[in-house]
Amino acid sequence: MTLAVRYTSARTLDIAPIETSAPGPGEVELAPAYVGICGTDLHIFHGDMDARVSTPAVLGHEMSGRVVRVGPDVEGWRPGDAVTVMPLRWDDSCPACRSGHQHICQHLDFIGIDSPGAMQQRWTVPAATLVRLPGSLPLDRAALVEPTAVAVHDVGRAGVRDGEKMVVVGGGPVGVLIALVARATGADVRVVELSAHRRLLAEELGLIAWDPTDVDVPDLVRHWTGDAGADVAFEVSGAAGGVDTAVEVLGVRGRLCLVAIHPKPREINLHRFFWRELTLVGARLYDRSDFEQAVSLVADGTVPAERLISKVVSLAEAPSAFEALEATGDVMKILVECGDEQQGARA
Ligand SMILES: NC(=O)c1ccc[n+]([C@@H]2O[C@H](COP(=O)([O-])OP(=O)(O)OC[C@H]3O[C@@H](n4cnc5c(N)ncnc54)[C@H](O)[C@@H]3O)[C@@H](O)[C@H]2O)c1
Ligand SMILES: [Zn+2]
C-alpha cells in the first residue's frame, strides 16, 4: 500500500491508500522524496483538463527520489540510487517518433497527467525514464530539474544567442527558469510579471522585472533597445494580455517562443508578424539531453533552485497547498515531501 494524492473532480483532491505491486520487467519502484506542484497540475485541479485526465488521478511529474526495487531485466540501477524521472512514454512508431521527435509523440503518455504520477510514497515507472542525480545534489533542489529541463528546451527552440535582448512574459517558475537559463547563455533578459512577490524574487536573483500594470512595457523595450525591439520574447503567462505584450516588444525578424498552455484560442496581431517578419516557435516539454543539461545547471548552481522553493508541505497538506497556490501569487514553487526518503535510502 502507498498513500497517494489524487485528483477526483474539479477543485477536489483526496489522500487515499492505493495498492502497489512488485515492479515488472523493465520497471523500477521509486520512493519519491519531493514532488513540485506545477502550473499544469493547477490546470488539472481547476478541471480544465477533465477531457484528458481519467479520475481518480495521482498527480505529480516534477520529482526527485530514490530507487527502492528494480524489476527483472533492469540493469544499471540499484536500491538507494538518487534519481529524477523524465515523465514521458512514447510509442516509437508514429510519424512524430519516426522523425526523431519522441518527446511530442502523437500518442504521448505524459506520466503524471495521462497515467499515475509521483505524489505518492511508492511510484513504479519504466527504468528508461530514470535520470541519474549526482550524490552531492540535495533532493529538494533536484525536484526542480524537470521545470529546468523545460527552460533548457525553450531557450534552445528559440535559438537564443549570446548578447541577444529578450523579454520573458510571465515570471512564474517556468518564466524565471527560462530567464536564468537564457542569462547563462549570455542573453540580456527582462521579465514582465504581475505579482509583486514574484517580481521581487526575480530581482533578488539578479534579473530586471517589470510590472505591466505600472509601466508601458513596449515603450521601455524601445528605449532599452535603441528603438530596435527585442530579439526574442517568451510567452509564459498563459494570458491574452501576455500574448499581446510578447508580440509588441519584438523587433524586426524577432522570434516569439510560445511556452504557456492557452486553454482557448487567442487573438493575435498578425499584421505585426507580416510587418516585422516575425517568427512564432512552439516549445513543448524536453528531450533527454535537455534533462541532462538541467541536472548540471541545478547541480552547479547556475540555476539556484533552492531560491525558488517557497515552501515544503507534507503529503497530507498537499490539498490545502493547491488551494493556497491558486488563492495567492505570493509563492513560487511548493514541494510536497512524500515522506520516507531515509527509508528509501536504506532499502
Ligand atoms: N511548454 C511546456 O512544455 C510547458 C511546461 C510546463 C509548463 N507550461 C505552461 O507554462 C505556463 C507557465 O508555467 P508556470 O508553472 O510558471 O505557471 P504560473 O501560472 O505559475 O506562471 C504564470 C505567471 O504569469 C503571470 N501573468 C499572468 N498574466 C500576465 C500578463 N498579462 N503579463 C505578465 N505576466 C502575467 C502570472 O502572474 C504568473 O506568475 C503555464 O501555462 C504552464 O501550463 C508549459
Ligand atoms: Zn510516437
Side-chain angles (χ1 to χ4, degrees), residues 36-46 48-49 61-62 86-110 112-113 144 146-158 167-180 190-202 209-215 217-218 233-249 257-264 266 281-287 290-291 294 308 310 322 325-326 328-334:
I37 303 176
C38 131
T40 308
D41 297 320
L42 287 177
H43 285 301
I44 297 174
F45 180 64
H46 286 154
D48 294 344
M49 293 171 67
H61 58 270
E62 300 180 355
M86 183 170 111
L88 310 181
R89 212 167 0 210
W90 50 81
D91 65 8
D92 241 346
S93 62
C94 76
C97 287
R98 281 187 275 123
S99 57
H101 308 305
Q102 285 89 348
H103 73 292
I104 45 174
C105 169
Q106 289 167 231
H107 309 107
L108 188 71
D109 173 2
F110 188 108
I113 298 178
L144 276 94
E146 194 269 1
T148 303
V150 170
V152 170
H153 185 74
D154 301 344
V155 169
R157 280 287 289 154
V167 177
V168 176
V169 183
V174 176
V176 166
L177 288 166
I178 289 171
L180 293 170
R190 301 292 181 272
V191 176
V192 182
E193 167 57 44
L194 292 175
S195 148
H197 175 87
R198 288 181 163 187
R199 281 197 309 278
L200 183 64
L201 180 61
W210 292 332
D211 176 0
T213 64
D214 183 47
V215 297
V217 171
F234 289 85
E235 202 319 272
V236 206
S237 75
V243 176
D244 292 340
T245 306
V247 173
E248 278 176 53
V249 296
C257 183
L258 185 81
V259 177
I261 296 178
H262 286 265
K264 55 184 178 192
R266 302 290 187 202
V281 187
R284 184 175 160 212
L285 303 169
Y286 29 64
D287 60 27
D290 298 320
F291 237 87
L308 271 69
S310 312
F322 271 76
L325 254 180
E326 63 159 9
T328 159
D330 284 354
V331 285
M332 194 58 104
K333 181 58 72 185
I334 296 184

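Counting starts at 1 for both ligands and their atoms, in listed order.
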A.B. asks: Which residue holds the protein heavy atom closest to atom 15 (O) of ligand 1, what is that atom called, and what is the gap in Å?
C.D. replies: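 Answer, as residue, atom name and distance: Gly39 N, 3.3 Å.
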
A.B. asks: State, yes or no, whether a side-chain contact exists between Leu177 and Val150 at a heavy-atom distance under 4.5 Å.
C.D. replies: no

A.B. asks: Would you say the side-chain atoms of Arg266 pair up with the backbone N or O of Gly238, donor to acceptor, closer than 3.5 Å?
C.D. replies: yes

A.B. asks: Should Val169 be counted as touching ligand 1, given the test is an N or O pair under 3.5 Å?
C.D. replies: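 Val169 vs ligand 1: no N/O contact under 3.5 Å.
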
A.B. asks: Which protein non-hydrogen atom lies closest to atom 41 (O) of ligand 1, naming both residue and atom, and how far is it?
C.D. replies: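 Minimum-distance protein heavy atom for atom 41 (O) of ligand 1 reads Ile261 N, 3.1 Å.
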
A.B. asks: Which residue and atom name correspond to the protein heavy atom nearest atom 33 (C) of ligand 1, and how close is it?
C.D. replies: Val192 O, 3.5 Å

A.B. asks: Under 4.0 angstrom from ligand 1, any heavy atom of Thr245?
C.D. replies: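 No, that is not the case, since the closest heavy atom of the residue is not under 4.0 Å from the ligand.
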
A.B. asks: Could you check which of Val174, Val168, Asp48, Thr40 puts a non-hydrogen atom nearest to atom 42 (C) of ligand 1?
C.D. replies: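 Of the listed residues, Thr40 has the closest heavy atom.
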
A.B. asks: Give a yes or no on whether Asp91 keeps an N, O or S atom under 2.8 Å from the Zn ion (ligand 2).
C.D. replies: yes

A.B. asks: Could you check whether any side-chain heavy atom of His103 comes within less than 4.5 Å of a side-chain heavy atom of Met86, counting everything from C-beta outward?
C.D. replies: no

A.B. asks: Step by step, work out the side-chain contact (heavy atoms from CB on, under 4.5 Å) result for His61 and Asp41.
C.D. replies: CA-CA 9 Å; His61 58 270; Asp41 297 320; 3.6 Å; yes

A.B. asks: I'd like to check which ligand 1 atoms, numbered from 1 as shown, lie under 4.0 Å from a non-hydrogen atom of Ala283.
C.D. replies: 1 (N), 2 (C)

A.B. asks: Under 3.5 Å, is there a donor-acceptor pair between the side chain of Ser310 and the main chain of Met332?
C.D. replies: yes

A.B. asks: Starting from atom 44 (C) of ligand 1, find the nearest protein heavy-atom neighbour and note its residue, name and distance.
C.D. replies: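 The closest heavy atom on the protein side is Val259 O, 3.1 Å.
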
A.B. asks: Going by the closest heavy atom to atom 20 (O) of ligand 1, which one wins out of Met49, Glu146, Arg198, Met332?
C.D. replies: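 Nearest option to atom 20 (O) of ligand 1, by heavy atoms: Arg198.
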
A.B. asks: Would you say that Val176 contacts Glu193 through its side chain, given a criterion of any heavy-atom pair below 4.5 Å between the two side chains?
C.D. replies: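 Heavy-atom side-chain distance check fails, nothing below 4.5 Å.
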
A.B. asks: Nearest protein heavy-atom contact for atom 22 (C) of ligand 1: which residue, which atom, what distance?
C.D. replies: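 For this ligand atom, the closest protein heavy atom is Val236 O, 3.7 Å.
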
A.B. asks: Regarding atom 25 (C) of ligand 1: of the candidates Arg157, His262, Glu193, His103, which has the closest heavy atom?
C.D. replies: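 The option holding the nearest heavy atom is Glu193.
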
A.B. asks: Any side-chain heavy-atom pair from Leu285 and Leu108 closer than 4.5 angstrom?
C.D. replies: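 Sidechains of Leu108 and Leu285: in contact.
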
A.B. asks: If a pair satisfies salt bridge (Lys or Arg N to Asp or Glu O under 4.0 Å) and one of its residues is in residues 100-110, list it, with sequence neighbours excluded.
C.D. replies: Arg89-Asp109

A.B. asks: Can you label the angle between the Phe45 ring and the Phe322 ring as parallel, tilted or perpendicular, going by 30° and 60°?
C.D. replies: tilted

A.B. asks: Angle at the Zn ion (ligand 2) between SG of Cys94 and SG of Cys97, to 10°?
C.D. replies: 120°

A.B. asks: Do the side chains of Tyr286 and Leu88 get nearer than 4.5 Å, heavy atoms only?
C.D. replies: yes

A.B. asks: For atom 10 (O) of ligand 1, what's the nearest protein heavy-atom neighbour? Residue, atom name and distance, please.
C.D. replies: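 For atom 10 (O) of ligand 1, the nearest protein heavy atom is Ala260 CA, 3.5 Å.
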
A.B. asks: For ligand 1, which part of His153 has a heavy atom less than 4.0 Å away: the side chain, the backbone, both, or neither?
C.D. replies: neither

A.B. asks: For the backbone of Ala96 and the side chain of Gln106, can you confirm whether one donor and one acceptor N or O come within less than 3.5 Å of each other?
C.D. replies: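 Between the backbone of Ala96 and the side chain of Gln106 there is a qualifying donor-acceptor contact (under 3.5 Å).
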
A.B. asks: Please state which option from Cys257, Gly242, Ala246 has its nearest heavy atom closest to atom 31 (N) of ligand 1.
C.D. replies: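 Among Cys257, Gly242, Ala246, the closest heavy atom to atom 31 (N) of ligand 1 comes from Gly242.
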
A.B. asks: Under a 4.0 angstrom heavy-atom cut-off, which atoms of ligand 1 come close to His43?
C.D. replies: 41 (O), 43 (O)

A.B. asks: Within ligand 1, which atoms have a heavy atom of Arg284 less than 4.0 Å away?
C.D. replies: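 Taking each heavy atom of Arg284 in turn, ligand 1 has 1 (N), 3 (O) under 4.0 Å.
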
A.B. asks: Report yes if some N/O of Ala239 lies less than 3.5 Å from some N/O of ligand 1; otherwise report no.
C.D. replies: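 Such a contact does not occur with ligand 1.
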
A.B. asks: Regarding ligand 1, does Gly238 bring an N or O atom to under 3.5 Å of one of the ligand's N or O atoms?
C.D. replies: no

A.B. asks: Under the 3.5 angstrom rule, does the side chain of Arg198 hit a backbone N or O of Asp330 as a donor-acceptor pair?
C.D. replies: no

A.B. asks: Taking N or O atoms only and a 3.5 Å limit, does Gly171 qualify as a polar contact for ligand 1?
C.D. replies: no

A.B. asks: Among all the protein's non-hydrogen atoms, which is closest to atom 3 (O) of ligand 1, and how far away is it?
C.D. replies: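 Protein heavy atom at minimum distance: Leu285 N, 2.7 Å.
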
A.B. asks: Which atoms of ligand 1 have any heavy atom of Val150 under 4.0 Å away?
C.D. replies: 5 (C)

A.B. asks: What are the two closest heavy atoms between Arg157 and Val281, and how far apart are they?
C.D. replies: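 Closest approach of Arg157 to Val281, heavy atoms only: NH2-CG1, 3.4 Å.
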
A.B. asks: Over all heavy atoms of both residues, which pair between Val259 and Phe234 is shortest? Give the atoms and the distance, please.
C.D. replies: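 Of all heavy-atom pairs spanning Val259 and Phe234, the closest is CG2-CD2, 4.2 Å.
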
A.B. asks: Indicate yes or no: at least one non-hydrogen side-chain atom of Cys38 is less than 4.5 angstrom from one of Lys333.
C.D. replies: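 Yes - at least one pair of side-chain heavy atoms lies under 4.5 Å apart.
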
A.B. asks: Could you tell me the residue and atom name of the protein heavy atom closest to atom 26 (N) of ligand 1, and the distance to it rounded to 0.1 Å?
C.D. replies: Ser237 CB, 3.7 Å

A.B. asks: Touching ligand 1 at all, Gly172? Heavy atoms, strictly under 4.0 Å?
C.D. replies: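 Yes, Gly172 has a heavy atom closer than 4.0 Å to ligand 1.
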
